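A quick write-up on the structure given underneath.
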There are 2 protein chains.
Amino acid sequence: MGLREEKKQATRTALSWAAIRLIVNRGYDRVLVEDIAAEAGVSPRTFNNYFGSKAEAVASRHLDRCVRMAEALRERPADEPLWDSIEHVMLETLKPGPEVTAHARPDKKEWAAGLQLMFVVPAIQAEFLRAAALAESALAAAVADRTGTDAVTDIYPQLVAATVTATLNVTSRLFVADNAGMRALITESLQHITKGLPPPA
Amino acid sequence: MGLREEKKQATRTALSWAAIRLIVNRGYDRVLVEDIAAEAGVSPRTFNNYFGSKAEAVASRHLDRCVRMAEALRERPADEPLWDSIEHVMLETLKPGPEVTAHARPDKKEWAAGLQLMFVVPAIQAEFLRAAALAESALAAAVADRTGTDAVTDIYPQLVAATVTATLNVTSRLFVADNAGMRALITESLQHITKGLPPPA
DNA sequence: TGAGAAAACTGCGGGTCACGCATCTTTGCG
DNA sequence: CGCAAAGATGCGTGACCCGCAGTTTTCTCA
C-alpha cells in the first residue's frame with residue numbers, strides 16, 4: 001500500500017513524539033490527551049484510534065525499536081554465531097536514528113531529568129515492559145528460524161528472546177539513570193550471559 | 001505493629017482475590033471496581049486506597065510471590081551454589097500456598113479458560129510484568145549480598161535478577177498456555193541459562 | 001478520469017475510573 | 001480513660017476510553 005499507510009504511520013509517530021515531548025517537559029499528569037492530539041494536529045478522538053492510552057503512545061517508539069531488532073536479526077549472515085549476531089543487532093538498533101539526531105534538543109540536562117521522571121510513572125513502566133514483551137515473540141521466532149528450533153514448542157528460542165529483552169531492560173535502566181555508555185553495558189552484559197552468569201570469583 | 005497492619009493485609013489480599021475471582025468468571029471489562037469492593041466487603045473508595053487500578057489489584061498476588069522469592073533466597077545456606085539456590089527458591093515459591101489449595105474450586109476447566117482470557121487483557125499483561133520488575137530490585141539486592149557485589153553499581157546482580165524474572169515470565173506463559181509441568185519447565189530453563197544459552201547442535 | 005467502495009478522521013455521548021478533600025470511625029498508646 | 005494517628009467512607013470532579021454515526025479522504029476499477 002502507498003499513501004494511506006504512509007500517512008497513518010506519520011500521524012502515529014507524530015502522536016508518539018508529541019506525547020513524549022509534552023510529558024518530558026510538563027510531567028505525565030499535566031498532559032492531557034487533548035494536548036497531545038493538538039500537538040500532532042489531529043482530533044482528540046483520533047488519538048484513541050491509534051493508542052489505547054497515553055502510556056501506550058509513549059511506549060510505541062520503544063515497541064518499534066524492539067520489533068526492528070527482531071527483523072534485523074533475520075538479516076544477519078546465517079553462519080555468524082548466534083550471540084555475535086545478537087550483540088551486533090542490539091548495538092545497531094540502540095543507536096539513535098536520524099529522527100532523533102535531527103530534532104535538535106536545546107536543553108539536554110532538562111531533557112534527561114524529564115526522562116527520568118517519566119519512567120517513574122507506573123503506567124509508563126508497565127507499558128514499556130509490555131512493549132518489550134510484545135516484540136519478544138517476534139524475536140523468539142527469529143531465533144527459532146536461525147537455530148532450527150520451534151518458536152512455540154521449544155523453550156530455547158523463547159528463553160533467548162526473554163534474556164535479550166531482560167538485558168535490554170537492565171541496560172536501558174542503567175542508561176537513563178547514569179547516562180553511562182550503552183555500548184559498553186551491552187557488551188559486558190552479553191558476556192556474562194553467554195558464560196552462564198557464574199558468580200564472580 | 002499488630003492488629004492494624006494485620007487487618008490491612010487482610011483486606012488487601014481480600015481485594016486482590018475478589019478481583020481475580022470475579023474477572024476470571026465474568027471477564028475483565030464486565031467487572032467494576034464497585035463489584036470488587038462489594039465482594040471484599042469494603043467501600044468502593046477504599047479500593048483505590050490499596051490499588052491504583054483493577055489490573056494492579058490482580059497482579060498484587062504475583063508481586064507478593066516474587067518478593068517472597070527474593071526473601072527466600074536470603075535464607076538459603078550461604079555455601080550453596082548460587083544457581084542451585086535460585087532453582088530451589090523458584091521451585092519452592094511457585095507451588096500453590098495453603099490459601100489456594102484451601103479454596104476449593106469446583107470447575108477447574110472453566111477456571112483455566114478464564115485465566116487465559118484474563119492474561120489477554122493488555123492492562124493485566126503490563127501490570128504483571130511491572131510487578132515482576134518491581135520485585136527484581138529486591139532479588140538483585142539478595143544476589144548482590146550473596147555474591148559480594150553491589151546491587152546498584154555492578155551489573156552482575158541486576159543481570160541475574162532480570163534473567164530469573166525473564167525465566168519466570170517464560171515458564172509462567174507456557175504454564176497458563178499448556179498447563180504443562182511447571183517444575184520441569186523451570187529446571188530445563190535454568191540449565192539452559194547456566195550453560196550460557198548455546199544454540200542446540 | 002470518474003464513480004463507488006473502503007478506510008480513516010471527527011464529534012458526541014456515556015460509563016468508568018482515579019483521586020483530592022472533608023468527615024467519621026477505629027486503633028494504638030500514655 | 002482519653003487523645004492522637006491512621007484507616008475507611010462519601011462526595012465531587014476531571015479525565016479517560018470507547019461505541020456509534022456522519023463526514024472526509026484515499027484506493028480501486030472500469
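Because only heavy atoms are used, hydrogens play no part in the values below, and waters and symmetry mates are left out as well, while side chains stay in. Here the structure is a predicted model, which is why all the values come from computation and not from measurement. To find a chain, count down the sequence lines: A is the first, B the second, and so on, and within it residues start at 1.
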Take the protein atom [atom1] of [X] and the nucleotide atom [atom2] of [N], then report the distance between them rounded to whole Å.
X	N	atom1	atom2	answer
Lys54(B)	dC16(D)	NZ	P	18 Å
Tyr28(B)	dT16(C)	OH	P	13 Å
Glu56(B)	dC17(C)	CD	C1'	14 Å
Asp35(B)	dT16(C)	CG	P	9 Å
Phe51(B)	dC19(C)	CZ	P	13 Å
Glu34(B)	dG10(D)	CD	P	11 Å
Arg30(B)	dT16(C)	CZ	P	13 Å
Asn48(B)	dA15(D)	CG	C1'	14 Å

- Heavy atoms only: give me the nearest Ala144(A)-Ala151(A) pair and the separation to one decimal. CB-N, 3.6 Å

- Query: What are the two closest heavy atoms between Ile36(B) and Phe47(B), and how far apart are they?
  - Reply: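 It is CG2-CE1, 4.0 Å.
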
- Just by distance, with hydrogens left out, do Arg173(B) and Asn169(B) show a side-chain donor and acceptor under 3.5 Å apart? no

- Taking atom types as modelled, find out whether Tyr50(B) and Thr11(B) have a side-chain donor-acceptor pair closer than 3.5 angstrom. yes

- Hey, does Gln158(B) have a side-chain heavy atom less than 4.5 Å from the side chain of Leu174(A)?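 Of all side-chain heavy-atom pairs linking Gln158(B) with Leu174(A), at least one is under 4.5 Å.
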
- With B for base contact, S for sugar-phosphate-only contact and - for none (protein heavy atoms under 4.0 Å), nucleotides 7-15 of chain C reads BSSBBB---

- Among Glu80(A), Glu75(A), Arg76(A), Arg74(A), which residue meets the side-chain hydrogen bond (donor to acceptor under 3.5 Å, both in side chains) test with Ser85(A)?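 Passing option: Glu80(A).
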
